[in-house]
Amino acid sequence: MTDERRRPNLTLAHGVDSPDALPASIFLDRALAGGYREVRTEGWPTSETSLEALASLGSPLLRVSQRRQESALYELDAALLQVTLSGAHVYAHVAAPGADAVEEAFTLLRERLTAPDPSSAHEVPVTFWTYGPHGPQPSWRAIGVPGWDEIAGNYTASTRAKLAAIMRGFEPAHGGQLVLWHGEPGTGKTFALRALAWEWRDWCQFHYIVDPDSFFGQHADYLMSVLMQPPFPMMVAHGWTSFVSPMSSVVEADEEDETTEDRAWRVLVLEDTGELLAADARASMGQGLSRFLNVVDGLIGQGLRVLVLVTTNEEIRKLHPAVARPGRCAANIEFGALSAEESTRWLENHGAAGGGGGARTLASLYADLEGRDPAETALVGFAG
């Protein structure tokens with residue numbers, strides 16, 4: 001059978017309702033018309049800020065620019081490329097006659113749209129999720145984070161010991177697991193969360209849910225989109241490694257055949273989400289709690305390497321008993337104020353006069369250190 005007869009006898013009809021949809025429309029049209037047999041999609045963080053880095057590929061067939069996003073279509077001798085630069089993340093589609101040509105095209109793109117150098121900054125990539133008019137929308141940012149050793153002194157002895165146990169040497173079990181951090185505002189939960197992202201950077205990726213009410217609410221596609229999202233490149237040791245298989249976060253391979261991709265875990269971060277886990281959550285949130293528990297250790301979570309990290313200012317006795325029951329939480333850590341003695345020592349270690357005032361939250365100590373009124377302390381979240 002000739003190549004001509006093997007090509008699909010199809011006419012492509014693709015609706016275009018905005019300029020940013022044009023590159024994708026033309027890409028699909030030309031890929032079909034060219035009879036390309038291989039199409040692949042990859043994404044990765046980059047230090048480049050413009051697609052001018054691809055100038056050596058020649059003039060694009062089409063370029064569409066928006067406020068924080070730029071898309072372009074390139075036609076090479078052996079491949080068709082659609083490249084989008086959004087914030088600090090590249091998202092690329094390549095169509096070509098064969099797998100070798102696709103691989104060469106992606107090698108070329110990665111050489112020109114280089115990943116950030118992890119040794120140049122104390123940063124980790126984080127995916128931020130929101131639910132918009134067009135469904136679940138991810139965006140990527142590199143977040144500056146401290147190491148655990150830098151902030152260990154911010155916590156009471158009991159909290160510090162529990163945090164140290166999960167910061168390093170923690171081995172998550174197969175299936176969903178809950179990590180629960182609770183305590184009054186200003187006790188350093190967000191500081192610890194950022195440090196955790198750094199300490200776990202070699203084996204998992206952090207996904208921050210901006211709108212948890214929607215995530216566990218009426219939009220079932222939101223939850224599933226986050227769980228099934230193809231992994232992006234991760235920082236491993238002194239470099240980045242690429243994740244390209246959409247199934248790598250779903251299919252569990254034999255231990256001896258596992259690659260770095262197959263071993264990747266995800267942490268879904270939900271900050272200040274006490275109302276989701278409250279004792280009356282079933283009444284106020286519909287099926288939200290049920291879906292949450294399914295992600296943690298139910299049917300949805302089976303086969304997925306997912307941890308769900310929840311921070312809340314609620315007291316543990318006010319939470320739904322199904323949430324904090326033994327066997328569901330991989331870690332259940334209470335954050336409290338530093339004692340009068342610990343507060344004095346903290347201020348002295350930071351070059352300030354200590355003493356008096358009884359137990360103090362970390363937020364109030366930093367306010368004192370910076371000459372602000374502790375009563376007017378503004379708390380900053382993980383994304384801040």
Side-chain angles (χ1 to χ4, degrees), residues 18-27 40-76 79-95 102-130 132 134 136-146 194 197-198 201-202 205-210 226 229-244 269 380-384:
S18 62
D20 60 312
L22 284 171
S25 301
I26 298 174
F27 176 86
R40 195 165 96 197
T41 297
E42 289 190 23
W44 62 92
T46 181
S47 55
E48 298 294 337
T49 58
S50 169
L51 290 182
E52 289 299 325
L54 300 180
S56 62
L57 302 184
S59 299
L61 297 175
L62 177 71
R63 185 197 302 267
V64 177
S65 299
Q66 301 183 64
R67 181 170 169 264
R68 297 186 66 244
Q69 181 171 300
E70 186 179 8
S71 298
L73 190 67
Y74 301 87
E75 191 165 38
L76 308 182
L80 183 67
L81 286 62
Q82 180 198 341
V83 186
T84 298
L85 180 61
S86 180
H89 194 86
V90 179
Y91 197 66
H93 307 273
V94 173
V102 169
E103 187 63 39
E104 290 175 6
F106 273 112
T107 298
L108 189 64
L109 289 175
R110 289 183 178 276
E111 288 175 351
R112 286 158 175 74
L113 298 170
T114 56
D117 178 5
S119 64
S120 65
H122 226 253
E123 296 181 339
V124 294
V126 177
T127 304
F128 293 89
W129 287 89
T130 57
H134 302 292
Q137 300 293 321
S139 61
W140 295 265
R141 282 179 54 198
I143 300 296
V145 292
R194 293 190 179 203
W198 177 257
R201 68 194 184 280
D202 287 349
Q205 301 171 353
F206 277 68
H207 292 251
Y208 188 97
I209 310 303
V210 177
V226 175
Q229 172 79 1
F232 55 86
M234 278 181 59
M235 198 186 305
V236 176
H238 300 292
W240 294 82
T241 182
S242 172
F243 289 80
V244 297
V269 178
V380 178
F382 181 61

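Here the closest heavy-atom approach between residue Leu73 and residue Pro23 is recorded as CD1-O, 4.1 Å. Taking both residues in full, the closest heavy atoms of Pro146 and Arg194 are given as CD-CB, 3.7 Å, listed atom of the first, atom of the second, then distance.
Rounding to the nearest 0.5 angstrom, the gap separating the CG atom in Leu51 from the CG atom in Leu109 is 9.5 Å. Here the CG-CD distance, from Leu57 to Glu75, works out to 12.5 Å after rounding to the nearest 0.5 Å. The OH atom of Tyr91 sits 9.5 Å away from the CD atom of Gln82 when rounded to the nearest 0.5 Å. Between Tyr74 atom OH and Leu61 atom CG the span is 9.5 Å, to the nearest 0.5 Å.
At least one side-chain heavy atom of Thr46 sits less than 4.5 Å from a side-chain heavy atom of Leu85. In this structure, Leu81 and Leu54 have side chains that are not in contact, with every pair of non-hydrogen atoms separated by 4.5 Å or more. Side-chain contact check for Pro136 versus Val226: every heavy-atom pair is 4.5 Å or farther apart.
Remark: side-chain polar atoms of His93 are not paired, donor with acceptor, to backbone N or O of Thr41 under 3.5 angstrom. Under the 3.5 Å distance criterion, the side-chain polar atoms of Gln137 are left unmatched by any main-chain donor or acceptor of Gly132.
Using a 4.0 Å cut-off between a side-chain N of Lys or Arg and a carboxylate O of Asp or Glu, Glu123 and Arg141 do not qualify as a salt bridge.
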